[in-house]
Student: 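One structure, as C-alpha coordinates, below. Some questions next.
Note that ligands are numbered from 1 as they come in the structure, with each ligand's atoms numbered from 1 the same way.
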Amino acid sequence: MGKSTIMFIASAICLFSLLGITQATEEADNYQFVLTGMVYCDPCRAAFKTNLSEPIADVRVGMQCRHPETEKVTITVTASTNSTGYYHMLIEGDHENEICETFLIHSPREDCLEVPKEGFARESSRVTLTNHNGIAGKYRESNPLFFLTKEVAPECAKEFREMEYLPELKDINQA
Ligand SMILES: *[C@@H]1O[C@H](CO)[C@@H](O)[C@H](O)[C@H]1NC(C)=O
Ligand SMILES: *[C@@H]1O[C@H](CO)[C@@H](O)[C@H](O)[C@H]1NC(C)=O
(Lines give C-alpha, C1' and ligand atoms only; values in the text may rest on other atoms or scores of the structure.)
(Ligands and ions follow the chains in the order given, each with its own letter.)
Protein backbone atom coordinates (compact mmCIF):
# COMPACT_ATOMS: atom_id res chain seq x y z
CA MET A 1 0.00 0.00 0.00
CA GLY A 2 1.30 3.44 -0.89
CA LYS A 3 1.64 6.20 1.65
CA SER A 4 -1.25 8.14 0.15
CA THR A 5 -3.60 5.13 0.41
CA ILE A 6 -2.76 4.76 4.08
CA MET A 7 -3.28 8.49 4.60
CA PHE A 8 -6.62 8.24 2.86
CA ILE A 9 -7.74 5.32 5.01
CA ALA A 10 -6.55 7.08 8.16
CA SER A 11 -8.47 10.26 7.37
CA ALA A 12 -11.54 8.27 6.39
CA ILE A 13 -11.46 6.52 9.79
CA CYS A 14 -11.05 9.91 11.50
CA LEU A 15 -13.97 11.37 9.62
CA PHE A 16 -16.24 8.45 10.39
CA SER A 17 -15.45 8.55 14.09
CA LEU A 18 -16.13 12.29 14.12
CA LEU A 19 -19.46 11.68 12.43
CA GLY A 20 -20.21 9.03 15.05
CA ILE A 21 -19.56 11.49 17.88
CA THR A 22 -21.71 14.17 16.25
CA GLN A 23 -24.55 11.70 15.80
CA ALA A 24 -24.46 10.61 19.43
CA THR A 25 -24.60 14.23 20.63
CA GLU A 26 -27.41 15.08 18.27
CA GLU A 27 -29.37 12.09 19.47
CA ALA A 28 -29.30 13.36 23.07
CA ASP A 29 -30.06 16.88 21.79
CA ASN A 30 -33.37 15.67 20.37
CA TYR A 31 -34.55 14.74 23.83
CA GLN A 32 -35.54 17.05 26.66
CA PHE A 33 -34.28 14.87 29.49
CA VAL A 34 -31.71 12.23 30.24
CA LEU A 35 -32.90 10.13 33.17
CA THR A 36 -30.60 7.84 35.12
CA GLY A 37 -31.14 5.61 38.11
CA MET A 38 -29.95 2.44 39.79
CA VAL A 39 -31.40 -0.95 40.59
CA TYR A 40 -30.33 -2.98 43.61
CA CYS A 41 -30.98 -6.37 45.05
CA ASP A 42 -32.01 -5.92 48.67
CA PRO A 43 -31.21 -9.10 50.60
CA CYS A 44 -32.63 -7.56 53.81
CA ARG A 45 -36.12 -6.85 52.41
CA ALA A 46 -35.83 -3.34 53.79
CA ALA A 47 -36.28 -1.59 50.40
CA PHE A 48 -33.66 0.99 51.22
CA LYS A 49 -29.98 0.91 50.54
CA THR A 50 -27.76 -0.91 53.03
CA ASN A 51 -24.17 -2.08 52.77
CA LEU A 52 -25.53 -5.44 51.71
CA SER A 53 -27.47 -4.08 48.70
CA GLU A 54 -25.99 -5.19 45.38
CA PRO A 55 -26.46 -3.43 42.04
CA ILE A 56 -28.08 -5.72 39.43
CA ALA A 57 -27.12 -5.75 35.74
CA ASP A 58 -29.58 -6.43 32.88
CA VAL A 59 -32.71 -5.36 34.75
CA ARG A 60 -35.56 -4.06 32.58
CA VAL A 61 -36.78 -0.74 33.95
CA GLY A 62 -39.71 1.33 32.71
CA MET A 63 -40.71 4.97 33.00
CA GLN A 64 -44.21 6.16 32.35
CA CYS A 65 -45.95 9.54 32.56
CA ARG A 66 -49.71 9.93 32.82
CA HIS A 67 -52.28 12.64 33.36
CA PRO A 68 -53.39 12.60 37.01
CA GLU A 69 -57.13 12.93 36.25
CA THR A 70 -57.63 11.03 33.02
CA GLU A 71 -54.92 8.41 33.73
CA LYS A 72 -54.04 8.75 30.06
CA VAL A 73 -50.46 7.59 29.47
CA THR A 74 -48.41 10.19 27.60
CA ILE A 75 -45.05 8.42 27.32
CA THR A 76 -43.51 5.02 28.10
CA VAL A 77 -39.76 4.39 27.92
CA THR A 78 -37.85 1.26 28.86
CA ALA A 79 -34.14 0.61 29.44
CA SER A 80 -31.78 -1.99 30.86
CA THR A 81 -29.21 -1.58 33.60
CA ASN A 82 -25.51 -1.83 32.77
CA SER A 83 -22.92 -3.86 34.67
CA THR A 84 -22.88 -1.34 37.53
CA GLY A 85 -26.66 -1.39 37.93
CA TYR A 86 -27.32 1.95 36.20
CA TYR A 87 -29.89 2.61 33.51
CA HIS A 88 -30.10 5.59 31.24
CA MET A 89 -33.20 6.85 29.38
CA LEU A 90 -33.72 9.57 26.79
CA ILE A 91 -37.05 11.31 27.37
CA GLU A 92 -38.94 13.31 24.76
CA GLY A 93 -41.01 16.32 25.72
CA ASP A 94 -41.74 18.28 28.87
CA HIS A 95 -44.08 16.51 31.28
CA GLU A 96 -45.51 19.31 33.39
CA ASN A 97 -48.74 18.44 35.24
CA GLU A 98 -48.17 14.74 34.67
CA ILE A 99 -47.25 11.98 37.06
CA CYS A 100 -44.02 10.32 35.95
CA GLU A 101 -42.71 7.20 37.63
CA THR A 102 -39.94 4.68 37.15
CA PHE A 103 -40.78 1.03 37.84
CA LEU A 104 -39.26 -2.42 37.67
CA ILE A 105 -40.17 -4.78 34.85
CA HIS A 106 -37.86 -7.76 35.05
CA SER A 107 -34.97 -9.05 37.14
CA PRO A 108 -32.49 -11.51 35.63
CA ARG A 109 -31.66 -12.83 39.13
CA GLU A 110 -33.78 -15.80 40.15
CA ASP A 111 -32.79 -15.33 43.78
CA CYS A 112 -33.84 -11.65 43.71
CA LEU A 113 -36.93 -10.90 41.66
CA GLU A 114 -39.70 -9.84 44.03
CA VAL A 115 -40.95 -6.29 43.43
CA PRO A 116 -41.76 -4.51 46.70
CA LYS A 117 -45.50 -3.87 47.10
CA GLU A 118 -47.05 -0.47 47.62
CA GLY A 119 -47.92 0.04 51.27
CA PHE A 120 -45.05 -2.14 52.34
CA ALA A 121 -42.49 -0.16 50.36
CA ARG A 122 -41.96 1.84 47.23
CA GLU A 123 -43.07 -0.01 44.15
CA SER A 124 -42.25 2.83 41.79
CA SER A 125 -40.44 6.12 42.13
CA ARG A 126 -41.68 9.57 41.14
CA VAL A 127 -39.50 11.63 38.84
CA THR A 128 -39.84 15.26 37.79
CA LEU A 129 -39.57 15.66 34.02
CA THR A 130 -40.40 19.31 33.50
CA ASN A 131 -38.44 22.54 33.44
CA HIS A 132 -41.46 24.53 34.68
CA ASN A 133 -41.47 23.84 38.40
CA GLY A 134 -38.18 25.05 39.79
CA ILE A 135 -35.85 22.25 38.76
CA ALA A 136 -33.91 23.09 35.61
CA GLY A 137 -31.53 21.06 33.50
CA LYS A 138 -31.51 18.08 31.24
CA TYR A 139 -30.11 15.46 33.60
CA ARG A 140 -32.55 13.89 36.04
CA GLU A 141 -32.11 11.09 38.52
CA SER A 142 -34.66 8.64 39.84
CA ASN A 143 -34.45 7.22 43.35
CA PRO A 144 -33.01 3.70 43.36
CA LEU A 145 -35.38 0.79 42.80
CA PHE A 146 -35.10 -2.53 44.63
CA PHE A 147 -35.84 -6.15 44.02
CA LEU A 148 -36.19 -8.30 47.14
CA THR A 149 -34.88 -11.75 47.91
CA LYS A 150 -37.40 -14.33 49.21
CA GLU A 151 -35.59 -14.72 52.51
CA VAL A 152 -33.85 -12.13 54.66
CA ALA A 153 -30.10 -12.83 54.58
CA PRO A 154 -28.60 -13.74 57.99
CA GLU A 155 -26.09 -10.85 57.82
CA CYS A 156 -28.92 -8.33 57.86
CA ALA A 157 -29.49 -8.45 61.63
CA LYS A 158 -25.94 -7.30 62.23
CA GLU A 159 -26.24 -4.68 59.47
CA PHE A 160 -29.35 -3.18 61.08
CA ARG A 161 -27.74 -3.15 64.53
CA GLU A 162 -24.80 -1.21 63.11
CA MET A 163 -27.11 1.22 61.34
CA GLU A 164 -28.81 2.07 64.64
CA TYR A 165 -25.52 3.35 65.93
CA LEU A 166 -24.96 5.75 63.07
CA PRO A 167 -24.60 9.21 64.63
CA GLU A 168 -27.24 10.84 62.40
CA LEU A 169 -29.87 8.31 63.43
CA LYS A 170 -29.07 8.83 67.12
CA ASP A 171 -29.48 12.60 66.66
CA ILE A 172 -32.87 12.11 65.04
CA ASN A 173 -34.04 9.83 67.85
CA GLN A 174 -33.00 12.32 70.53
CA ALA A 175 -34.58 15.32 68.81
C1 LIG B 1 -23.18 2.49 33.69
O2 LIG B 1 -23.95 3.67 33.59
C3 LIG B 1 -23.51 4.72 34.45
C4 LIG B 1 -24.52 5.87 34.34
O5 LIG B 1 -24.81 6.21 33.03
C6 LIG B 1 -22.11 5.14 34.06
O7 LIG B 1 -21.65 6.15 34.93
C8 LIG B 1 -21.20 3.93 34.16
O9 LIG B 1 -19.91 4.26 33.71
C10 LIG B 1 -21.74 2.78 33.32
N11 LIG B 1 -20.92 1.62 33.55
C12 LIG B 1 -20.48 0.86 32.55
C13 LIG B 1 -19.64 -0.29 32.92
O14 LIG B 1 -20.78 1.10 31.38
C1 LIG C 1 -20.94 0.28 55.54
O2 LIG C 1 -19.64 0.05 55.06
C3 LIG C 1 -18.76 1.11 55.32
C4 LIG C 1 -17.44 0.81 54.64
O5 LIG C 1 -17.12 -0.55 54.75
C6 LIG C 1 -18.63 1.31 56.82
O7 LIG C 1 -17.76 2.39 57.08
C8 LIG C 1 -19.99 1.61 57.41
O9 LIG C 1 -19.91 1.70 58.80
C10 LIG C 1 -20.96 0.50 57.03
N11 LIG C 1 -22.25 0.88 57.48
C12 LIG C 1 -23.02 0.07 58.18
C13 LIG C 1 -24.35 0.60 58.54
O14 LIG C 1 -22.66 -1.06 58.48
Student: Going by the atom numbers of ligand 1, which of them fall below 4.0 Å from some non-hydrogen atom of Thr84?
Tutor: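 Heavy-atom distances to Thr84 below 4.0 Å select 1 (C), 10 (C), 11 (N).
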Student: Within a distance of under 4.0 Å, is there any protein heavy atom near atom 2 (O) of ligand 1?
Tutor: yes
Student: Can you list everything that forms a side-chain contact (heavy atoms from CB on, under 4.5 Å) with Ser83? Sequence neighbours excluded, please.
Tutor: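 Applying side-chain contact (heavy atoms from CB on, under 4.5 Å) to Ser83 gives none.
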Student: Hey, is atom 9 (O) of ligand 1 touched by any protein heavy atom at less than 4.0 Å?
Tutor: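 It does not; no protein heavy atom is within 4.0 Å.
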Student: Restricting to non-hydrogen atoms, name the atom on Tyr40 and the atom on Lys49 that form the minimum distance, rounded to 0.1 Å.
Tutor: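 In terms of heavy atoms, the two residues are closest at OH-CE, 2.7 Å.
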Student: Filter on salt bridge (Lys or Arg N to Asp or Glu O under 4.0 Å), then keep only pairs touching residues 60-75, sequence neighbours left out; what's left?
Tutor: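 Those involving residues 60-75 are Arg66-Glu71, Arg66-Glu101.
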Student: Is it true that Glu110 and Lys150 have a side-chain N and a carboxylate O under 4.0 angstrom from each other?
Tutor: no
Student: What protein heavy atom is closest to atom 5 (O) of ligand 1, reported as residue, atom name and distance in Å?
Tutor: His88 ND1, 4.1 Å
Student: Using a strict cut-off of 4.0 Å, indicate which atoms of ligand 1 neighbour a heavy atom of Ser83.
Tutor: 13 (C)
Student: Is there a polar contact, in the sense of an N or O pair closer than 3.5 Å, between Asn82 and ligand 1?
Tutor: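 So ligand 1 has an N or O lying under 3.5 Å from an N or O of Asn82.
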Student: Under the criterion side-chain contact (heavy atoms from CB on, under 4.5 Å), I'd like the reasoning laid out for Val77 against Ile91: C-alpha separation, chi angles, the key distance, then a yes or no.
Tutor: CA-CA 7 Å; Val77 183; Ile91 316 285; 4.1 Å; yes
